[in-house]
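Here's the structure we're looking at; comments come further down.
Sequence positions, counted from 1, serve as the residue numbers for this chain.
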Amino acid sequence: QAQLEDSGGGLVQAGGSLRLSCAASARTFSSNAMGWYRQAPGKEREFVAAINWSGDTSIYAGFVEGRFTISRDNAKTTVYLQMNSLKPEDTAVYYCAAGPKFSNFQDRLTLSAWGQGTLVTVSS
């Protein structure tokens, strides 16, 4: 059974919105910070957002500029990424991830689990 299953990607026009979901096993979700990375064609995988275990603290990459919101539902062991005002440059495969330390979430090497990725395509 996959530890993380991300979904919700699709094709959207510039300015539109999408909500990504990541369903985690209870074992993976428990006590872990959760977050999202993305990888555009020909580019390195980059950090997007993360949220701590209790859900009261989150961090975002600079390019988010207030357009995305990360949240988690610990009862459902699911993390979400609400993306608004999407731009063509947001086109990428988005990956859910889990890690033991919120403060290190931007270091990929510290992350313990990854989803399979969900493709987001933003047309101009």
Side-chain angles (χ1 to χ4, degrees):
Q1 182 179 359
Q3 293 180 305
L4 298 175
E5 295 186 13
D6 29 34
S7 61
L11 174 64
V12 63
Q13 289 188 330
S17 299
L18 282 174
R19 188 177 82 153
L20 307 184
S21 299
C22 173
S25 66
R27 181 175 181 178
T28 300
F29 205 78
S30 176
S31 300
N32 271 331
M34 300 294 296
W36 296 89
Y37 275 70
R38 72 183 188 183
Q39 187 167 17
K43 294 189 176 181
E44 293 283 321
R45 191 172 297 190
E46 63 180 350
F47 169 76
V48 177
I51 189 167
N52 67 346
W53 177 82
S54 62
D56 60 2
T57 304
S58 56
I59 54 174
Y60 297 91
F63 60 77
V64 169
E65 299 173 324
R67 301 178 296 126
F68 298 176
T69 303
I70 189 170
S71 61
R72 65 188 292 162
D73 185 332
N74 286 358
K76 295 182 179 179
T77 65
T78 300
V79 63
Y80 305 97
L81 185 68
Q82 176 67 44
M83 304 188 295
N84 300 326
S85 302
L86 283 162
K87 304 175 182 180
E89 51 264 44
D90 293 318
T91 294
V93 177
Y94 284 71
Y95 297 90
C96 177
K101 291 191 70 174
F102 174 70
S103 58
N104 289 347
F105 209 92
Q106 296 184 60
D107 181 351
R108 286 183 293 168
L109 297 179
T110 69
L111 302 178
S112 54
W114 291 90
Q116 80 283 1
T118 185
L119 177 62
V120 172
T121 304
V122 184
S123 63
S124 57

- Query: Which distance, rounded to the nearest 0.5 Å, do you find between the SG of C22 and the CD of Q116?
  - Reply: 8.5 Å
- Item | Greater than 12 external heavy atoms within 6.0 Å of W53's CH2 | no
- When you measure from the side chain of S30 to the backbone N and O of R27, does any donor-acceptor pair fall under 3.5 Å? no
- Item | Closest approach of S123 to L11 (non-hydrogen atoms, all atoms of both residues) | CB-CD1, 4.3 Å
- Validate the cation-pi geometry between R72 and F29: distance from NZ or CZ to the six-membered ring centre under 6.0 Å, angle to the ring axis within 45°. yes
- Item | Linked, directly or transitively: L119 and W114 (ILVMFWY side chains, under 4.5 Å) | yes
- Test V12 against M83 for side chain to side chain contact (heavy atoms under 4.5 Å, CB included), laying out the working first. CA-CA 11 Å; V12 63; M83 304 188 295; over 6 Å; no
- Query: Could you walk me through whether D6 and L20 pass the side chain to side chain contact (heavy atoms under 4.5 Å, CB included) check?
  - Reply: CA-CA 7 Å; D6 29 34; L20 307 184; over 6 Å; no
- Query: Between D90 and R67, is any pair of side-chain heavy atoms under 4.5 Å apart?
  - Reply: yes
- Message: How long is the straight-line distance from CZ of F102 back to OG of S54, given to the nearest 0.5 Å?
- Response: 9.0 Å
- CE on M34 to OG1 on T77, rounded to 0.5 Å: 8.5 Å
- Query: Of all heavy-atom pairs between A113 and T28, which one has the smallest distance, and what is that distance?
  - Reply: CB-CG2, 4.1 Å
- Message: With a 6.0 Å cut-off (strictly less than), is the heavy-atom count around NZ of K101, excluding the residue itself, greater than 12?
- Response: no
- Verify the cluster assignment for V64 and V122: are they in a single hydrophobic cluster under the rule of side-chain heavy atoms below 4.5 Å apart? yes
- Item | Sidechain-backbone polar pair: N104 side chain, T110 backbone, donor-acceptor under 3.5 Å | no
- Message: Grouping I, L, V, M, F, W and Y whenever their side-chain heavy atoms are under 4.5 Å apart, do Y60 and F63 come out in a common cluster?
- Response: yes
- Note on the structure: Between G35 and I70, the two heavy atoms sitting closest are CA-CD1, 3.9 Å
- Task: Identify the heavy atoms of L86 and L18 that sit nearest to each other, and give their distance.
- Result: CD1-N, 3.9 Å
- Is the backbone of Q82 close enough, under 3.5 Å, to the side chain of T69 for a donor and an acceptor to pair up by distance? no
- Smallest separation among heavy atoms of S17 and S85, with atom names: OG-N, 4.4 Å
- Query: Under 4.5 Å between any side-chain heavy atoms of R38 and V120, yes or no?
  - Reply: no
- Nearest 0.5 Å, what's the CZ-CH2 distance between F105 and W36? 10.5 Å
- How many angstroms lie between OH in Y80 and CD1 in I51, if you round to the nearest 0.5 Å? 11.5 Å
- Hydrophobic cluster identity match, V79 and L111, side-chain contacts under 4.5 Å: no
- How long is the span from the CD atom in Q13 to the OG atom in S124, to the nearest 0.5 Å? 9.5 Å
- Message: Taking ring pair (Phe, Tyr, Trp, His ring centres under 6.0 Å) as the criterion, tell me which of Y95, F47, Y94 meets it with Y37.
- Response: F47
